[in-house]
Amino acid sequence: MSEVCFDHIVKRYGDNLVIRDLTLRVEDKEFLVLVGPSGCGKSTALRMIAGLEDISSGELRIGDKLVNDLPPKGRDIAMVFQNYALYPHMTCRENMEFALKLRKAPAAEIARRVNEAAKSLEIEHLLDRKPKALSGGQRQRVAIGRAIVREPKVFLMDEPLSNLDAKLRVSMRAEIKKLHQRLNTTFVYVTHDQTEAMTLGDRIAIMKEGDLLQLGTPNQVFHHPVNLFVATFIGSPQMNLLSGNLKIEGNSAILSGKNFRFVLPNQEGYRDGEVIAGIRPEHLSRVEGKNEEHFFRAAVEVVEPMGSEAYVSLTGEKGMIVCRLPEEITPSVGEEVILTVAAERIHLFDPKTELNLLNESRVLTAR
């Protein structure tokens with residue numbers, strides 16, 4: 001078993017609290033992504049798994065073994081770094097062989113593992129070159145290959161794609177996902193890119209300022225964000241936020257604000273008072289006629305063509321709104337349009353606590 005368990009982990013640098021009370025279980029053979037803005041503690045958490053950072057308090061286990069005081073070489077993990085960390089004076093083959101030679105593995109076994117990893121990553125023709133002769137994507141493949149040959153219990157990846165160009169990042173995301181499916185072992189992946197998190201992770205752990213805010217599948221964190229931070233961090237373009245007032249009337253909840261009114265089904269957790277309404281750009285659609293209860297009227301300011309769709313920024317009496325519209329119905333700059341949204345697509349947040357009002361969103365910890 002190669003699960004990773006954080007049990008009330010705390011990390012301090014002097015008086016600076018970097019991670020506070022992190023409790024998290026990475027399941028055996030799971031692909032878990034730690035995501036959040038710079039400085040949220042995600043890379044520190046990864047480095048504690050690797051044994052590169054001391055733990056201030058709490059317990060960390062890999063499998064059934066407590067590893068708080070275990071040196072990195074005894075943890076049976078392999079790590080892929082953002083800057084590749086290849087030895088420049090060695091060939092790619094020598095880089096991939098290095099850890100196995102330190103273990104004094106048989107030469108035939110070393111050759112077999114290196115050749116198999118190189119074939120799976122399509123870098124066989126690069127094995128006799130040195131890193132300086134490779135592109136960024138090729139170096140990253142070699143770094144991943146160096147991790148594969150060790151056949152570890154847990155793979156750790158710290159922003160491995162951030163130095164690659166946009167096109168290569170997309171292709172390497174697919175390669176990493178296929179690699180996880182082929183190796184069938186535990187992956188813990190760190191990124192600040194929510195697109196990487198959504199496309200790669202079986203589950204996503206969203207962190208902010210040392211706290212774990214939400215843990216769930218990509219669909220859970222997208223459709224049921226626990227608070228405003230998660231709602232606006234996950235999804236591109238960012239969720240639209242509108243200030244309004246909620247009033248409960250029997251089986252309905254009336255959401256109203258400056259020149260808008262929505263009738264929502266009353267749900268547990270709703271209460272009279274001020275709220276922040278969140279609407280994702282892809283949940284807004286263009287209509288020709290006015291819908292008295294679910295509509296926005298606004299003028300187009302910016303159109304960003306994306307091929308089959310466009311990001312449209314509009315300004316109306318409610319401020320700036322961004323929507324995603326199909327190419328064939330994309331309006332022109334200066335045009336006034338009417339947008340509508342289905343009631344069930346509207347998220348409501350408490351303006352003081354910033355929590356999602358729906359009780360079901362408070363804790364989402366699949367598996």
Side-chain angles (χ1 to χ4, degrees), residues 21-25 32-37 40 194-195 197-198 201-209 211-258 260-285 291-296 318-319 321-324 339-367:
D21 199 24
L22 175 60
T23 296
L24 171 65
R25 181 186 182 94
L32 183 96
V33 179
L34 295 170
V35 64
C40 71
Q194 58 95 12
T195 301
M198 293 288 286
D202 295 327
R203 288 189 301 165
I204 303 171
I206 301 168
M207 298 184 67
K208 179 188 178 186
E209 297 177 354
D211 290 319
L212 175 61
L213 298 187
Q214 187 167 358
L215 174 64
T217 65
N219 279 342
Q220 284 176 326
V221 298
F222 183 83
H223 293 293
H224 305 285
V226 70
N227 59 21
L228 270 176
F229 177 83
V230 175
T232 54
F233 187 80
I234 297 296
S236 180
Q238 181 175 300
M239 177 183 283
N240 298 293
L241 301 178
L242 303 169
S243 296
N245 190 274
L246 192 67
K247 184 174 178 57
I248 307 303
E249 296 183 0
N251 293 327
S252 298
I254 311 302
L255 172 64
S256 58
K258 188 175 182 181
F260 69 89
R261 184 176 184 270
F262 296 95
V263 180
L264 316 177
N266 188 15
Q267 300 192 54
E268 183 182 355
Y270 285 175
R271 78 287 181 278
D272 289 355
E274 293 182 358
V275 295
I276 296 174
I279 304 173
R280 295 203 180 276
E282 53 270 35
H283 295 156
L284 287 163
S285 55
N291 180 324
E292 291 274 339
E293 293 185 336
H294 296 171
F295 86 99
F296 297 92
K318 304 166 192 62
I321 299 168
V322 178
C323 63
R324 290 172 65 173
L339 300 172
T340 188
V341 59
E344 65 272 14
R345 296 295 196 179
I346 300 174
H347 301 266
L348 298 180
F349 302 92
D350 187 307
K352 294 180 180 178
T353 66
E354 298 190 350
L355 289 174
N356 194 314
L357 293 186
L358 293 183
N359 292 332
E360 65 177 358
S361 300
R362 295 296 171 87
V363 180
L364 286 172
T365 52
R367 289 197 279 177

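Keep in mind that what you see is a predicted model, and the values were worked out from it rather than measured. The chain is numbered in sequence order, starting from 1.
- Side-chain contact between E209 and C40 is absent, with no heavy-atom pair separated by less than 4.5 Å.
- Between the CD atom of Q267 and the OG atom of S252 there is a distance of 11.5 Å, given to the nearest 0.5 Å.
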Side chain to side chain contact (heavy atoms under 4.5 Å, CB included) evaluation trace for L228 with I276:
CA-CA 9 Å; L228 270 176; I276 296 174; 3.7 Å; yes

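- Here the straight-line distance linking atom CE of M207 with atom CG of L24 works out to 8.5 Å at 0.5 Å rounding.
- Put simply, the side chain of D272 gets close to the backbone of I248: a donor and an acceptor are under 3.5 Å apart.
- The NZ atom of K352 sits 8.0 Å away from the CD atom of E274 when rounded to the nearest 0.5 Å.
- With a 4.5 Å cut-off on side-chain heavy atoms, R345 and H223 count as touching.
- Atom OG1 of T232 sits about 8.0 Å away from atom CG of N227, to the nearest 0.5 Å.
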Step-by-step side chain to side chain contact (heavy atoms under 4.5 Å, CB included) determination, Y270 to L348
CA-CA 9 Å; Y270 285 175; L348 298 180; 3.6 Å; yes

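- Taking the six-membered ring where the residue is Trp, H283 and F222 present perpendicular rings, their angle passing 60° and hence far from 30°.
- No donor-acceptor pair under 3.5 Å is formed between the side chain of E282 and the backbone N or O of C323.
- A side-chain contact (heavy atoms from CB on, under 4.5 Å) with I279 holds for exactly one of L339, L241, I321, I346; it is I346.
- Of all the heavy atoms in P37 and F229, the pair that sits closest is CD-CZ, 3.7 Å.
- Panel note: side chain Q214, backbone H224; a donor-acceptor pair is recorded below 3.5 Å.
- For the pair P281 and N240, the minimum side-chain heavy-atom distance is below 4.5 Å.
- Atom CD1 of I206 sits about 7.5 Å away from atom CG of L213, to the nearest 0.5 Å.
- The shortest side-chain heavy-atom distance between L357 and L246 falls under the 4.5 Å cut-off.
- At least one side-chain heavy atom of M198 sits less than 4.5 Å from a side-chain heavy atom of V221.
- Side chain of N266 to main chain of G250: a donor-acceptor pair is present (N/O by atom type, distance under 3.5 Å, no hydrogens or angles).
- Put simply, the side chain of E354 never gets that close to the backbone of P351: no donor and acceptor are under 3.5 Å apart.
- Looking at every heavy atom in both residues, F349 comes nearest to A231 through CZ-CB, 3.6 Å.
- When atom types are taken as modelled, the side chain of R271 and the backbone of K247 share no donor-acceptor pair closer than 3.5 angstrom.
- For R280 (side chain) and P237 (main-chain N/O), no donor-acceptor pair under 3.5 Å exists by modelled atom type.
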Please test L284 against V341 for side chain to side chain contact (heavy atoms under 4.5 Å, CB included), starting from the C-alpha separation and ending with a verdict.
CA-CA 5 Å; L284 287 163; V341 59; 4.0 Å; yes

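- Annotation for P225 and N356: closest pair O-ND2, 2.9 Å, computed over non-hydrogen atoms.
- With values rounded to the nearest 0.5 angstrom, L34 atom CG is found 10.5 Å from I204 atom CD1.
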Output, in order, the C-alpha distance, side-chain angles, deciding distance and verdict of side chain to side chain contact (heavy atoms under 4.5 Å, CB included) for V275 and L255.
CA-CA 9 Å; V275 295; L255 172 64; 3.6 Å; yes

